[in-house]
Peer 1: 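Encoded as structure tokens, here's the structure I'll be asking about.
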Amino acid sequence: MNKSKEIYQEAKKYIPGGVNSPVRAFKSVGLDPVFIERGKGAHIYDVDGNKYLDYICSWGPLILGHSNELVTEGIAEVVARGTSYGVPTKIEVEMAKEICEAYGPIDMVRMVNSGTEATMSALRVARGYTSKDKILKFEGCYHGHSDALLVKSGSGTLTYGVPTSPGVPADTVKDTLVGKYNDIENLNEIFKANNDIAAVILEPVAGNMGVVTPSMEFLKELRRLCTENNTVLIFDEVITGFRLSYGGAAEVFGIEPDMACFGKIIGGGLPVGAYGGKKRFMDMVSPIGNVYQAGTLSGNPLAMHMGLKTLRILKENKDIYSQMERKATILEKEIQDFIDENKIPVRTNRFKGMFCLFFTDGDIESFDDVMKCDTEKYAMFFKKMLDKGILLPPAQFEGWFLSSAHTDEDVELTIEKVKESLREIYN
Ligand SMILES: *Cc1c(COP(=O)(O)O)cnc(C)c1O
């Protein structure tokens with residue numbers, strides 16, 4: 001038995017499923033997880049000494065690669081000064097200013113400790129501001145694990161959500177409507193049937209059902225309907241923020257949300273989230289307003305240090321974005337060409353530097369399209385890639401995360417291994 005398996009056996013005794021977040025268990029690819037010892041740049045090393053080219057990158061935060069010295073620089077001094085005070089620090093102000101200056105549509109931001117907290121809190125503010133209860137989310141978008149957002153659409157024509165997890169009372173999701181991503185008609189029907197929607201929340205490019213790009217018309221219609229109905233439009237930029245561009249999806253599409261949520265990249269690998277909006281919304285938040293939201297470790301110096309360093313490096317090196325896009329484009333083109341030549345029922349999908357493979361040959365515009373994927377084939381593919389030293393997301397419905405540390409050679413190697421793996425599966 002190798003060390004990963006040994007640790008996994010022990011882990012399962014003390015941690016549910018042996019992991020602290022479900023996808024890490026490799027369950028949907030039918031394998032046991034590898035346990036990681038360290039990471040450097042684009043690579044991670046497991047406890048058995050195997051080296052992997054990493055396309056998980058902590059699910060997005062590590063846009064500058066593992067253990068980037070420019071990011072970790074000075075962290076020991078921060079620790080030496082103290083790691084949390086429960087009273088404010090200057091670096092929190094610098095962080096808030098950095099985010100507000102980067103992200104055009106927002107004036108103010110509040111730090112929290114996860115993306116889950118960010119979306120949950122933003123929705124509370126939107127409901128407080130509008131004095132309305134209903135919220136609309138889209139099937140296939142993930143916004144963390146708060147009760148009101150763990151929903152899928154009900155059967156038939158029902159737009160009301162049903163809980164996707166035991167433990168979520170039906171009453172908790174009774175005000176959560178579930179729409180179809182990229183479906184303008186469906187969107188209009190929902191607004192017609194509900195004149196009391198406080199907020200719409202979406203991933204402005206979906207990254208949690210694989211990568212699914214919204215149509216410009218869909219985003220524009222969303223903006224129009226929200227304005228018309230006094231509904232707060234919330235972009236969940238936990239993945240897209242500081243990844244698609246320094247100004248996030250709002251900048252890329254030229255569509256202004258009323259509020260936005262961040263996480264992942266802005267923590268530089270430490271636990272962080274943030275939500276922000278125009279002043280009129282953020283003035284609702286306590287202690288100025290009455291919408292309560294708090295956090296013992298929110299804005300702690302370690303997370304602020306790593307996050308701020310990451311943001312400043314990105315700001316000063318914007319070519320990181322064009323380089324990541326260029327690399328993702330090479331992945332997309334070379335793999336898609338190979339798939340087409342060999343008539344393999346797989347397709348690539350990419351937006352800017354966000355990329356993934358779908359094991360279906362249909363177009364991918366919606367959650368329904370994504371659901372047509374052959375997850376067993378993906379599991380086979382994942383295992384072959386892992387055996388060849390490339391760690392992909394251990395689930396079909398996730399994007400591949402590139403970092404600035406992924407070199408052209410890494411990309412070429414990946415393409416070769418993808419071709420080999422697909423050949424082995426489909427021949
Ligand atoms: C990861 C993610 C979240 C949740 O963030 P956590 O820090 O895991 O709570 C929310 N929204 C999106 C779009 C995400 O990708």
Side-chain angles (χ1 to χ4, degrees), residues 19-25 55-63 99 103 109-124 126 135-151 164-165 176 178 181 199-214 219 233-244 248-250 252-253 257 259-276 293 295 297-300 302-304 306-307 310 351-356 367 370 393-402:
V19 291
N20 282 314
S21 198
V23 71
R24 292 180 206 170
Y55 283 98
I56 297 179
C57 287
S58 188
W59 299 102
L62 304 180
I63 191 169
I99 295 174
Y103 199 83
V109 68
R110 171 64 69 79
M111 300 307 302
V112 291
N113 299 291
S114 66
T116 297
E117 281 179 66
T119 57
M120 180 183 81
S121 308
L123 287 167
R124 187 179 303 145
I135 55 173
L136 169 62
K137 82 172 286 276
F138 296 97
E139 194 136 49
C141 285
Y142 177 69
H143 306 292
H145 64 94
S146 68
D147 282 356
L149 292 168
L150 288 184
V151 290
T164 53
S165 168
T176 308
V178 183
Y181 200 76
V200 179
I201 187 166
L202 84 160
E203 290 181 75
V205 173
N208 283 289
M209 49 174 155
V211 177
V212 178
T213 311
L219 291 179
L233 178 58
I234 305 172
F235 276 8
D236 178 351
E237 298 237 26
V238 170
I239 287 180
T240 51
F242 299 94
R243 175 166 291 277
L244 296 181
V252 169
F253 293 115
M259 296 186 73
C261 300
F262 305 93
K264 300 198 167 113
I265 287 176
I266 65 162
L270 287 179
V272 168
Y275 65 98
Q293 185 273 312
L297 291 172
S298 295
N300 72 81
L302 283 185
M304 295 303 97
M306 299 273 281
T310 300
F351 185 76
K352 294 268 174 190
M354 289 171 68
F355 171 81
C356 80
F367 183 69
V370 167
Q396 162 72 89
F397 308 116
E398 306 284 355
W400 300 18
F401 288 98
L402 282 154

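The chain is numbered in sequence order, starting from 1. Excluded from the calculations below are hydrogen atoms, water molecules and symmetry mates; all remaining heavy atoms, backbone and side chain alike, are included. As the structure lists them, so they are numbered: ligands from 1, and atoms in each ligand from 1.
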Peer 1: I need the atoms of ligand 1 closer than 4.0 Å to a non-hydrogen atom of Asp236, numbered in the order shown.
Peer 2: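 In order of number, 10 (C), 11 (N), 12 (C), 13 (C).
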Peer 1: Looking only at distances, can you tell me whether any N or O atom of Thr116, backbone or side chain, sits closer than 3.5 Å to an N or O atom of ligand 1?
Peer 2: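 There is such a contact, yes.
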Peer 1: Which atoms of ligand 1 are found less than 4.0 Å from any heavy atom of Ile239?
Peer 2: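 So the answer, numbered in order with elements, is 15 (O).
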Peer 1: Just which atoms of ligand 1 are under 4.0 Å from any heavy atom in Gly115?
Peer 2: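 Contacts of ligand 1 toward Gly115, numbered from 1: 4 (C), 5 (O), 6 (P), 7 (O), 9 (O).
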Peer 1: Testing the 3.5 Å rule here: is there a donor-acceptor pair between the side chains of Tyr103 and Glu237?
Peer 2: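 On atom types as modelled, these side chains qualify, holding a pair under 3.5 Å.
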Peer 1: Would you mind listing which atoms of ligand 1 come within a distance below 4.0 Å of any non-hydrogen atom of Glu203?
Peer 2: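 Those of ligand 1 that fall under 4.0 Å from Glu203 are 13 (C).
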Peer 1: Please check: side-chain N/O of Tyr181 versus main-chain N/O of Glu139, any donor-acceptor pairing under 3.5 Å?
Peer 2: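 Absent.
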Peer 1: Mark the output for Lys264 as yes if a heavy-atom distance to ligand 1 is under 4.0 Å, and as no if none is.
Peer 2: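 Per 4.0 Å heavy-atom rule, Lys264 contacts ligand 1.
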Peer 1: Would you say Ser58's side chain and Gly269's backbone share a donor-acceptor pair under 3.5 angstrom?
Peer 2: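 Here the side-chain-to-backbone pair does not exist.
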Peer 1: My understanding is that we take every heavy atom of each candidate and find the minimum distance to atom 13 (C) of ligand 1. Doing that for Phe235, Tyr142, Trp59, which one comes out nearest?
Peer 2: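 That would be Tyr142.
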Peer 1: Check whether any protein heavy atom sits under 4.0 Å from atom 8 (O) of ligand 1.
Peer 2: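 For atom 8 (O) of ligand 1 the answer is no, since every protein heavy atom stays at 4.0 Å or beyond.
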Peer 1: If you measure from each non-hydrogen atom of Thr119 to ligand 1, which part falls under 4.0 Å: side chain, backbone, both or neither?
Peer 2: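 Within the 4.0 Å criterion, Thr119 makes no contact with ligand 1.
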Peer 1: Using only atom types and a distance under 3.5 Å, with no angle test, would you say the side chain of Arg243 pairs donor to acceptor with the backbone of Gly60?
Peer 2: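 Yes, the answer is positive, given that a donor and an acceptor are paired below the 3.5 Å cut-off.
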Peer 1: Would Arg124 and Gln293 count as having a side-chain donor-acceptor pair, cut-off 3.5 Å?
Peer 2: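 Side chains of Arg124 and Gln293: no pair found under 3.5 Å.
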Peer 1: Which of the atoms in ligand 1, numbered in the order shown and given with their element, are less than 4.0 Å from a heavy-atom of Ser114?
Peer 2: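 Numbered from 1, ligand 1 contributes 7 (O), 9 (O).
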Peer 1: Nearest heavy-atom pair of Ala250 and Phe235: which atoms, and what distance?
Peer 2: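 Scanning both residues completely, I find the closest heavy atoms to be CA-CE2, 4.1 Å.
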Peer 1: Shortest non-hydrogen contact from Ala118 to Ala274?
Peer 2: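 The pair with the smallest heavy-atom distance is CB-O, 3.4 Å.
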